[in-house]
Number of protein chains: 2
Amino acid sequence: MAHSSLILKKGRKFDQVIEGARTVFLRDGYEGASVDDIAREAGVSKATLYSYFPDKRVLFLEIAALETRRQADAHEERLDVTDPPEIVLPSAGRKILDFVLSDIGIAVFRIAVAESARFPEIGQKFYDSGPGLLKERLSQYLASWCAQGVLTIDDPELAAEQFAELCKVHLFHAHLFQGRTDVDEAERGRIIDSAVALFLARYGTRS
Amino acid sequence: MAHSSLILKKGRKFDQVIEGARTVFLRDGYEGASVDDIAREAGVSKATLYSYFPDKRVLFLEIAALETRRQADAHEERLDVTDPPEIVLPSAGRKILDFVLSDIGIAVFRIAVAESARFPEIGQKFYDSGPGLLKERLSQYLASWCAQGVLTIDDPELAAEQFAELCKVHLFHAHLFQGRTDVDEAERGRIIDSAVALFLARYGTRS
DNA sequence: GCACAACTAAACTGATCAGTTTACTTTCAG
DNA sequence: CTGAAAGTAAACTGATCAGTTTAGTTGTGC
């Protein structure tokens with residue numbers, strides 16, 4: 001008895017295709033990736049690949065969707081409303097910064113920026129599952145502490161985005177445009193501390 | 001007498017080629033642009049184009065360099081050190097925001113992000129003539145007002161980048177990823193006002 | 001008005017690549 | 001064991017495109 005694989009849509013190598021496409025698209029971008037490369041990387045014949053996906057574009061959109069979902073999952077954990085901003089903001093900021101400096105974070109950003117002119121839904125999905133989702137969660141957290149009088153924020157959504165941007169300052173551009181991959185712990189900490197201080201100087205109720 | 005055109009390197013149609021390449025590269029990106037398209041757009045034969053530039057890559061790098069120079073020129077005007085931060089910051093912020101929301105600003109950013117993995121010097125040049133130059137100018141301005149005790153900033157370069165990022169909050173991503181081109185004056189003003197307030201709450205000496 | 005450089009249209013080369021087809025092999029459920 | 005579904009390698013089609021070549025035309029300084 002045992003493994004009734006009802007869930008398998010069709011084909012044994014579907015996952016291999018997805019994994020190969022992911023690798024190649026993230027490494028080479030949409031234009032730079034060739035279908036032959038993907039098939040080779042996936043360890044699958046081109047004919048098999050084309051039995052799953054009608055064309056390169058659809059395969060790419062599928063990968064982009066999966067990858068943005070994964071991005072969303074990385075930000076999954078709700079912010080703990082019971083912890084105060086002085087605790088939550090530094091740790092949330094660190095997670096944001098670590099993600100946008102990661103290889104996968106940079107690769108997805110690069111592709112979203114490059115291809116969202118050609119494929120508008122890619123830009124939309126990327127935004128919704130990345131910056132947009134973060135804004136939603138963080139603004140809810142901020143609003144709940146406003147209600148308690150610990151924070152004073154007239155527009156929590158705007159404030160959430162301001163905080164997120166402050167966390168990326170300097171290092172994100174340095175990595176994206178100057179290839180600086182050598183960002184150490186201390187430097188990250190310095191940026192986040194400054195972001196939190198700047199944020200709380202304005203939105204924190206006087207201590 | 002008259003027009004001794006000593007300056008002309010060679011060729012009467014050099015400028016046409018540049019202009020055509022600019023149009024097509026900014027519209028279609030590096031991979032998306034074809035040399036035939038560029039020649040047609042420039043109103044020039046392919047052979048002429050190839051008499052000026054050895055290959056597509058060099059032509060692209062030339063356009064990217066010119067375009068980033070132009071970007072730098074747009075930020076040219078030094079900040080007037082005699083005006084106080086409450087005057088300078090809102091107007092500088094508006095200029096930053098207007099630029100990054102302009103068609104040309106978005107197009108150059110898209111190409112810099114997409115191609116700086118393939119052509120590292122593009123990322124470097126873009127950074128130097130855009131965000132880097134701005135940081136330099138703005139941090140000098142900030143430092144000069146620190147000396148007078150009006151501002152209190154331990155790291156003016158970091159603060160300059162923080163301010164620049166705050167000015168782009170929300171609207172830049174909305175335009176880049178969601179194609180929102182309909183950003184009105186009021187919304188821009190709201191973002192800038194909030195950025196200035198946030199910045200001065202922390203770095204301004206108490207009023 | 002001549003000589004020479006700049007320019008042209010168009011054809012061509014060689015490469016790459018998306019997507020298809022063919023003839024064959026592997027896998028596995030019943 | 002068997003037959004159908006899934007997969008394979010490799011050749012093929014048709015298109016695009018960077019870059020070259022050819023044979024001829026235009027513009028211009030002198």
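In what follows, every chain begins at residue 1, and chains take the letters A, B, ... in the order their sequences are listed.
- Across all strands, B:Tyr52 comes closer than 4.0 Å only to sugar-phosphate atoms, never to a base (heavy-atom distances).
- Side chain of A:Tyr52 to main chain of A:Lys13: a donor-acceptor pair is present (N/O by atom type, distance under 3.5 Å, no hydrogens or angles).
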Quick one: which protein N/O atoms are closer than 3.5 Å to N/O atoms of nucleotides 14-18 of chain D? Pair and distance per line, please.
unit_1	atom_1	unit_2	atom_2	d
D:dA18	OP1	B:Ala33	O	3.3
D:dA18	OP1	B:Lys56	NZ	3.0
D:dA18	OP2	B:Val35	N	2.8

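- Side-chain contact annotation: B:Tyr203 with B:Gln162, donor-acceptor N/O pair under 3.5 Å present.
- Residue B:Arg69 places its CZ atom among 12 or fewer non-hydrogen atoms of other residues, nucleotides or ligands, all under 6.0 Å distant.
- Nucleotides of DNA chain C nearest to B:Ser45 and A:Pro54 differ in position, and the one nearer the 5' end is that of B:Ser45.
- Not one side-chain nitrogen or oxygen of B:Thr48 sits closer than 4.0 Å to the OP1 or OP2 atom of C:dC7.
- Consecutive Watson-Crick or G-U pairs involving DNA chain D, each under 3.5 Å on both distances, make up stems of three or more pairs at C:1-30 with D:1-30.
- Distance NZ (A:Lys13) to P (C:dT25): 16 Å, rounded to an integer number of Å.
- Identified under the side chain to side chain donor-acceptor pair (under 3.5 Å) test for residues 54-64 of chain A, with sequence neighbours left out: none.
- Here the P atom of nucleotide C:dT26 and the CZ atom of A:Arg12 are 12 Å apart, to the nearest Å.
- In summary, the side chains of A:Ser45 and A:Thr48 do present a donor paired with an acceptor at a separation below 3.5 Å, with no hydrogens or angles considered.
- As a whole-Å value, the separation of B:Phe53 CZ from D:dG19 P is 13 Å.
- Put simply, CG on B:Leu49 is 16 Å from C1' on D:dT21, counting in whole angstrom units.
- Ring orientation note: the planes of A:Tyr127 and B:His173 are nearly perpendicular, at an angle over 60° on the 30°/60° scale.
- For the 3.5 Å distance criterion, the side chains of B:Ser116 and A:Arg110 qualify, holding a donor opposite an acceptor.
- Judged by distance alone, with hydrogens and angles left aside, the side-chain atoms of B:Ser139 form no donor-acceptor pair with the main-chain N or O of B:Glu157 at under 3.5 Å.
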